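Note that the structure is a prediction, hence the values are computed from the model and not measured.
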Amino acid sequence: MAGHGADEHPHGADRLCAAGDRVYSRAVRRGRLQRRDAEPVPCLLELALLHPDPDDMDWLVPTSPQEVMTRLLRGVHDEVSASQRRVGSAVEAFEWYAGLGRQIQTSAGAEGTAIRVLDGLARIQAAMDEATQACTTEVLTVQPGGIRREAELSEGLHRALALRGRGVRMRDLYTHVARHGQGLLNYLELMGDTVEARTLDEVVDRLILFDRTVAFIPANNERTMALELRHPALVAYLGTVFERLWRLAIPLTAPLPDTGIEGISHREQSIAALLAEGHQDAVIAERLGISVRTARAHIARLSETLGATSRTQLGVRIAHAGLDGSPRGTAPAAPVSVPGPESPTAR
């Protein structure tokens with residue numbers, strides 16, 4: 001009976017249901033009430049608004065309204081006191097964490113936060129402009145992808161010119177494919193000896209490093225978000241990565257080395273090495289900064305040059321020619337499997 005009443009009458013004594021209000025009012029007016037009259041409203045017994053008459057258990061007598069009011073006010077007072085204690089605890093916690101935040105800001109000094117997320121192209125451009133204005137010594141950049149579009153080069157031209165005007169040195173890393181873009185050649189001619197450029201088969205994702213103190217890297221694939229890094233250890237690490245890539249790279253003014261295999265270009269040698277690692281056509285294209293169509297055209301020429309009629313046979317011929325990094329003419333311990341255009345990428 002009690003559980004049934006709680007389901008049908010989910011309230012307290014301060015907000016009785018209509019049926020409970022009628023029955024309790026009648027009991028107060030008459031002084032007592034037959035038990036069967038209260039059966040439809042078990043909430044009155046559950047809330048102790050009615051209780052059995054000790055002289056006759058078939059009757060119920062009401063709790064006086066004054067006692068009910070006292071009980072309700074006591075409950076409200078307890079709730080208010082508990083709320084005040086919670087508010088006090090929250091204020092103390094806030095003051096504690098706020099104090100920690102002030103300590104962090106003080107230790108960070110004028111450099112600001114070590115890692116800042118820049119959401120949106122406008123914020124990225126503003127932060128880059130600010131770093132450009134503060135730069136006094138050098139800028140290091142890694143520019144992935146293929147041929148640099150005129151729009152991309154023009155986007156940062158004002159910063160490059162401002163840096164050149166202050167005598168800041170710039171070093172840029174590109175993929176070998178970028179050598180074929182006239183826009184990049186025009187840009188380097190405009191900048192003169194202020195900028196030094198080198199190229200690699202493939203590079204890491206985009207990186208811009210100012211004075212070895214602040215770096216910018218993408219934070220999503222669409223490059224609509226970026227990370228501004230000022231943590232000394234992170235910036236130093238990125239600087240080391242750049243220097244190691246720079247030593248491996250080939251100056252833009254120098255020709256690419258000959259593969260030593262007639263009919264196979266430097267790019268096809270790079271594609272052969274990635275095929276031997278088990279990469280799919282789309283992945284190869286992305287890493288070398290070329291289109292998938294161009295990558296497949298090179299793979300077709302590679303197959304023709306090596307006399308391969310299938311991807312499996314191409315893998316074997318690549319290994320025999322030493323294009324997978326092994327000594328030329330040495331047969332591999334196991335056949336090299338080259339994935340077809342639709343096969344999963346093996347990484």
Side-chain angles (χ1 to χ4, degrees), residues 101 104-105 107-166 168-175 177-178 181 183-184 187-188 191 194-200 202-246 249 282-283 285-290:
I104 294 173
Q105 291 173 5
S107 63
E111 292 185 356
T113 55
I115 302 176
R116 187 163 62 123
V117 179
L118 305 174
D119 190 354
L121 297 178
R123 290 194 63 193
I124 295 173
Q125 295 290 350
M128 294 278 290
D129 288 340
E130 181 180 346
T132 299
Q133 293 171 6
C135 184
T136 59
T137 306
E138 68 170 358
V139 177
L140 311 176
T141 75
V142 178
Q143 304 290 353
I147 294 176
R148 306 290 292 165
R149 294 177 297 182
E150 293 285 350
E152 292 176 328
L153 294 167
S154 300
E155 178 183 309
L157 184 59
H158 68 287
R159 285 191 291 269
L161 292 174
L163 292 166
R164 187 188 68 171
R166 297 202 303 273
V168 175
R169 306 292 299 178
M170 289 170 270
R171 286 188 286 160
D172 300 333
L173 275 173
Y174 301 93
T175 61
V177 178
L184 175 59
Y187 164 77
L188 294 174
M191 298 301 296
T194 304
V195 177
E196 186 180 356
R198 294 187 181 185
T199 63
L200 282 166
E202 52 181 313
V203 295
V204 295
D205 209 342
R206 181 161 295 173
L207 165 67
I208 304 177
L209 183 56
F210 294 89
D211 280 346
R212 310 288 177 121
T213 58
V214 56
F216 296 88
I217 60 174
N220 62 353
N221 292 333
E222 296 76 20
R223 293 180 178 170
T224 57
M225 297 177 64
L227 294 183
E228 178 184 319
L229 308 175
R230 293 183 179 271
H231 192 289
L234 284 175
V235 174
Y237 176 82
L238 293 173
T240 300
V241 169
F242 179 91
E243 293 296 349
R244 292 185 180 179
L245 291 175
W246 184 259
V283 175
E286 180 183 1
R287 288 178 60 166
L288 297 184
I290 57 179

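Judged by distance alone, the side chain of Arg116 and the main-chain N or O of Glu228 form no donor-acceptor pair under 3.5 Å. A donor-acceptor distance shorter than 3.5 angstrom exists from the side chain of Arg166 to the backbone of Cys135, with no hydrogens or angles considered. For the pair Asp211 (side chain) and Thr137 (backbone), a donor-acceptor distance under 3.5 Å is present. For the pair Asp119 (side chain) and Arg123 (backbone), a donor-acceptor distance under 3.5 Å is absent.
In this structure, the separation between CZ on Phe210 and OG1 on Thr132 is 4.0 Å, given to the nearest 0.5 Å. With values rounded to the nearest 0.5 angstrom, Asp172 atom CG is found 9.0 Å from Ile208 atom CD1. Atom CG in Leu118 sits 6.0 Å away from atom CD1 in Ile124 (nearest 0.5 Å). To the nearest 0.5 Å, atom CG of residue Leu121 and atom CD of residue Glu222 are 11.0 Å apart. Taken from OG1 in Thr175 to CG in Leu200, the straight-line distance is 9.0 Å, to the nearest 0.5 Å. Taken from OG1 in Thr194 to CZ in Arg171, the straight-line distance is 14.0 Å, to the nearest 0.5 Å.
Using a 4.5 Å heavy-atom cutoff, the side chains of Met191 and Leu188 are not in contact. Val235 places none of its side-chain heavy atoms less than 4.5 Å from the side chain of Thr213. The shortest side-chain heavy-atom distance between Leu229 and Tyr237 does not fall under the 4.5 Å cut-off. Counting heavy atoms from C-beta on, the side chains of Leu234 and Ile115 come closer than 4.5 Å. Looking only at side-chain heavy atoms (C-beta outward), Arg212 and Leu140 come within less than 4.5 Å of each other. Using a 4.5 Å heavy-atom cutoff, the side chains of Phe242 and Leu238 are not in contact. For the pair Met170 and Glu138, the minimum side-chain heavy-atom distance is 4.5 Å or more. Within the 4.5 Å cutoff, side-chain heavy atoms of Leu227 are placed close to those of Val117.
Here the closest heavy-atom approach between residue Met225 and residue Asn220 is recorded as N-OD1, 3.2 Å. Asp205 and Arg223 make their closest contact through OD1-NH2, 3.0 Å (heavy atoms, listed as atom of the first residue, atom of the second, distance). Heavy atoms only, all atoms of each residue included: Leu207 and Ala215 are closest at CD1-CB, 4.1 Å. Smallest separation of non-hydrogen atoms from Tyr187 and Ala160: OH-CB, 3.6 Å. Of all the heavy atoms in Ala131 and Val214, the pair that sits closest is CB-CG1, 4.2 Å.
Salt bridge annotation for Arg169-Glu196: absent, with no cationic side-chain nitrogen under 4.0 angstrom from a carboxylate oxygen.
Atom CG of Asn221 has 12 or fewer neighbouring heavy atoms from other residues, nucleotides or ligands inside a 6.0 Å radius. The environment of Glu243 atom CD is dense: over 12 non-hydrogen atoms of other residues, nucleotides or ligands sit within 6.0 angstrom.
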